[in-house]
**Q** 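Take a look at the following structure, please.
Quick note: numbers below take in every heavy atom, side chains included, and nothing from hydrogens, waters or symmetry partners.
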Amino acid sequence: MLKNKIKAIKVGFLIVCILPTMSYALDKEDILKFLVKSSYPEVKVIDKSEKSETKEDKEQEVNKDNTDNKATTSEEKESDEEYVKIHVGEENIPDVDKEKETETEKMDTNYTNDLRVTNKKPQILIYHSHSSETYSDSPKNNYHSADKENSVLAVGDALTSELSDKGWGIVHSTTYNDLSYNESYKNSFNTAQSLLSQYDSVKVTIDLHRDGQKISNNATKKALHDKYTTEINGEKVAKFFLVVGQKNKNVATLRKEAEAITALAEEKYPGLVCPVVPKPYGRFNQYMTDNSLLIEIGSNATSTKEAKATTKYVAEILDEYYRNNK
């Protein structure tokens with residue numbers, strides 16, 4: 001304790017009596033370095049400005065460092081580790097940790113075991129409780145089949161790409177959860193929970209569907225097509241909307257988020273989004289997180305192309321919403 005008081009008195013004396021006489025020769029950074037070195041001998045001040053600036057000098061430094069490193073003894077290394085390194089001036093901002101960079105780097109985006117992961121720390125999970133839902137252009141013609149190219153799985157893949165291009169890490173599952181239709185939400189819950197436990201960085205889950213309506217003839221099909229499509233920038237796209245299960249304990253949070261996303265979509269692209277649909281009898285696994293979205297893009301009367309075209313707008317809306325509501 002006495003030593004610390006003596007050190008403090010010495011530093012105070014330096015500031016009041018000596019430093020004013022030296023200030024003409026020292027800038028602010030020099031003074032700070034002097035104080036740090038005088039007060040805290042365990043601190044090693046790092047000054048990058050003292051390094052050579054020319055390419056030739058840098059190359060010489062590298063060669064010299066390589067030679068010096070070979071001659072460095074274990075004792076010298078240990079003594080260097082005793083210092084606490086700090087940065088002065090502009091060097092206050094240290095270099096980015098390379099390990100953290102690799103944690104968030106993009107990954108191979110091919111599907112492996114019905115799974116596509118675009119980032120080592122994904123923030124959004126996309127899955128499908130009704131994986132076999134297909135669109136009007138599916139050759140199978142019954143609106144439920146394993147025709148992936150004309151189904152919600154293909155639309156989910158397009159949404160994955162759009163969100164990934166905006167910097168979001170995505171996990172997209174193309175597992176068929178509705179092979180037994182009555183067990184679809186039970187199966188999708190198990191699928192989602194497994195992925196959430198594997199990727200604990202996920203904060204948003206999207207159960208992606210397409211709406212289903214009874215189509216009895218071509219006239220009905222055309223009417224439904226017109227109802228569920230609109231035109232944006234000269235392109236025919238499918239409309240979308242969000243569903244909220246009213247039996248969820250977090251229904252107030254879910255409804256607030258769905259309404260906010262809908263309002264943003266209507267503001268940016270009027271006519272693209274339909275009102276939020278509350279389902280009084282359902283939960284739809286939305287209790288898993290407070291950011292559990294059930295999104296319907298298009299219907300069985302719209303085409304796969306029209307639904308895929310919508311994904312770039314949905315991605316833009318979700319990107320803006322979640323970046324502004326972290």
Side-chain angles (χ1 to χ4, degrees), residues 100 102-133 148 151-209 242-258 260-261 279 282-297 311 314-315 317-319 321-323 325-326:
K100 290 183 179 179
T102 58
E103 287 177 354
T104 57
E105 69 184 5
K106 288 187 176 181
M107 298 174 62
D108 181 10
T109 56
N110 294 323
Y111 283 90
T112 303
N113 297 325
D114 299 321
L115 198 67
R116 176 184 174 191
V117 185
T118 68
N119 194 289
K120 286 191 175 180
K121 286 199 171 182
Q123 302 100 340
I124 299 174
L125 165 63
I126 300 175
Y127 68 102
H128 310 271
S129 291
H130 294 156
S131 316
S132 65
E133 290 178 329
K148 285 189 176 183
S151 71
V152 291
L153 301 181
V155 177
D157 182 47
L159 182 59
T160 296
S161 296
E162 294 289 347
L163 285 168
S164 182
D165 287 345
K166 293 184 179 300
W168 294 92
I170 311 296
V171 180
H172 180 216
S173 170
T174 58
T175 298
Y176 279 96
N177 296 301
D178 59 344
L179 297 179
S180 173
Y181 197 79
N182 291 335
E183 300 290 320
S184 57
Y185 281 100
K186 178 183 177 181
N187 293 335
S188 66
F189 173 81
N190 292 334
T191 296
Q193 282 296 312
S194 174
L195 293 171
L196 287 173
S197 64
Q198 185 177 350
Y199 300 99
D200 59 3
S201 55
V202 169
K203 303 301 179 186
V204 179
T205 63
I206 299 174
D207 188 2
L208 188 63
H209 295 249
L242 289 90
V243 175
V244 176
Q246 300 299 292
K247 284 193 174 182
N248 292 289
K249 291 183 178 180
N250 58 339
V251 62
T253 301
L254 296 170
R255 183 64 185 258
K256 181 179 179 181
E257 183 171 67
I261 292 172
K279 294 284 189 178
R283 291 196 299 170
F284 311 116
N285 299 332
Q286 290 181 292
Y287 52 86
M288 290 191 298
T289 71
D290 284 338
N291 302 303
S292 292
L293 307 179
L294 194 161
I295 302 178
E296 308 253 10
I297 298 182
T311 61
V314 172
I317 292 159
L318 294 179
D319 174 65
Y321 175 78
Y322 284 115
R323 288 192 188 281
N325 297 274
K326 292 182 180 179

**Q** Less than 4.5 Å apart, side chain to side chain, heavy atoms only: is that true for Val202 and Leu195?
**A**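 Sidechains of Leu195 and Val202: no contact.
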
**Q** Just do the side chain to side chain contact (heavy atoms under 4.5 Å, CB included) check on Leu294 and Val244 with the steps written out, would you?
**A** CA-CA 7 Å; Leu294 194 161; Val244 176; over 6 Å; no

**Q** Does the Asn248 side chain pair with the main chain of Gly245, one donor and one acceptor, at a distance under 3.5 Å?
**A**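 Such a contact is found between Asn248 side chain and Gly245 backbone.
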
**Q** Does a side-chain heavy-atom distance below 4.5 Å link Leu254 with Asp290?
**A** no

**Q** Verify whether one side chain among Arg116 and Ser161 offers a donor that lies under 3.5 Å from an acceptor in the other.
**A**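 Their side chains do contain a donor-acceptor pair, which is all the 3.5 Å distance test asks for.
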
**Q** Mind checking whether Tyr181 and His130 have ring centres under 6.0 Å apart?
**A** yes

**Q** Below 4.5 Å, heavy atoms only, C-beta onward: do Lys247 and Tyr287 meet side chain to side chain?
**A**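 No - every pair of side-chain heavy atoms lies 4.5 Å or more apart.
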
**Q** Taking all atoms of both residues into account, what is the closest heavy-atom pair of His128 and Leu153, and its distance?
**A** CD2-CD2, 3.4 Å

**Q** Assess whether side chain to side chain contact (heavy atoms under 4.5 Å, CB included) is satisfied between Ser132 and Tyr176, documenting all intermediate values.
**A** CA-CA 7 Å; Ser132 65; Tyr176 279 96; 4.1 Å; yes

**Q** What are the two closest heavy atoms between Asn119 and Gly169, and how far apart are they?
**A** CB-CA, 3.4 Å

**Q** When you compare the side chain of Ile170 with that of Pro122, does any pair of heavy atoms fall below 4.5 Å?
**A**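 Sidechains of Ile170 and Pro122: no contact.
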
**Q** Does Gln246 reach the main-chain N or O of Arg283 with its side chain, forming a donor-acceptor pair under 3.5 Å?
**A**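 Such a contact is absent between Gln246 side chain and Arg283 backbone.
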
**Q** Between CG of Asn325 and NZ of Lys256, what distance do you get to the nearest 0.5 Å?
**A**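 Reported value, rounded in 0.5 Å steps: 9.0 Å.
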
**Q** When you measure from the side chain of Ser173 to the backbone N and O of Leu115, does any donor-acceptor pair fall under 3.5 Å?
**A** no

**Q** Looking at Asn190, is its backbone amide N or carbonyl O close enough to the side chain of Ser194 to form a donor-acceptor pair, meaning the two atoms are under 3.5 Å apart?
**A**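 Judged by distance alone, no pair lies under 3.5 Å.
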
**Q** Would you mind reporting whether Ile126 and Leu159 have side-chain heavy atoms less than 4.5 Å apart?
**A** yes

**Q** Measuring from Thr253:OG1 to Gln286:CD, what's the distance to the nearest 0.5 Å?
**A**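 Result: 11.5 Å between the selected atoms.
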
**Q** Could you go through the side chain to side chain contact (heavy atoms under 4.5 Å, CB included) check for Arg323 and Trp168 one step at a time?
**A** CA-CA 10 Å; Arg323 288 192 188 281; Trp168 294 92; 3.7 Å; yes

**Q** Can you confirm whether Asp319 sits close enough to Ile317 that some side-chain heavy atom of one is under 4.5 Å from a side-chain heavy atom of the other?
**A**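 No, side chains not in contact.
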
**Q** Identify the heavy atoms of Asp114 and Lys148 that sit nearest to each other, and give their distance.
**A**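 For Asp114 versus Lys148, the nearest heavy atoms are OD1-NZ, 3.7 Å.
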
**Q** Do Tyr111 and His172 have side-chain N/O donor and acceptor atoms under 3.5 Å apart?
**A** yes

**Q** Distance only, no hydrogens: is a donor on one side chain within 3.5 Å (strictly under) of an acceptor on the other, for Tyr199 and Gln123?
**A** no

**Q** Which heavy atom of Ser129 sits nearest a heavy atom of Asn177, and at what distance?
**A**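 Shortest heavy-atom separation between Ser129 and Asn177 comes out as O-CB, 3.6 Å.
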
**Q** If you measure from CZ on Phe189 to OG on Ser184, what distance do you get to the nearest 0.5 Å?
**A** 14.0 Å

**Q** Around Lys166, counting heavy atoms of other residues, nucleotides and ligands shown, do more than 12 lie under 6.0 Å from its NZ?
**A** yes

**Q** For the residue pair Asn285 and Ser292, establish whether any side-chain heavy-atom pair is separated by less than 4.5 Å.
**A** no

**Q** Between Asp178 and Tyr185, is there a side-chain donor-acceptor contact under 3.5 Å, judged purely by atom types and distance?
**A**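 Side-chain D/A pair, Tyr185 to Asp178: absent.
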
**Q** Kindly indicate, with the supporting measurements, whether the criterion side chain to side chain contact (heavy atoms under 4.5 Å, CB included) is fulfilled by Leu293 and Asp207.
**A** CA-CA 6 Å; Leu293 307 179; Asp207 188 2; over 6 Å; no

**Q** Tell me the closest heavy-atom pair linking Ser201 and Lys121, and the distance in Å.
**A**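 Smallest interatomic distance, heavy atoms only, reads OG-C, 3.3 Å.
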
**Q** Can you tell me how far apart OG1 (Thr174) and CG (Asp157) are? Round to the nearest 0.5 Å.
**A**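 One finds 8.5 Å between OG1 of Thr174 and CG of Asp157.
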
**Q** State the CD-CG distance between Glu162 and Leu318, to the nearest 0.5 angstrom.
**A**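 Between Glu162 CD and Leu318 CG, I get 11.5 Å after rounding to 0.5 Å.
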
**Q** Any side-chain heavy atom of Leu125 sitting closer than 4.5 Å to one from Val204?
**A**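 They are not in contact (no side-chain heavy atoms under 4.5 Å apart), so the answer is no.
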
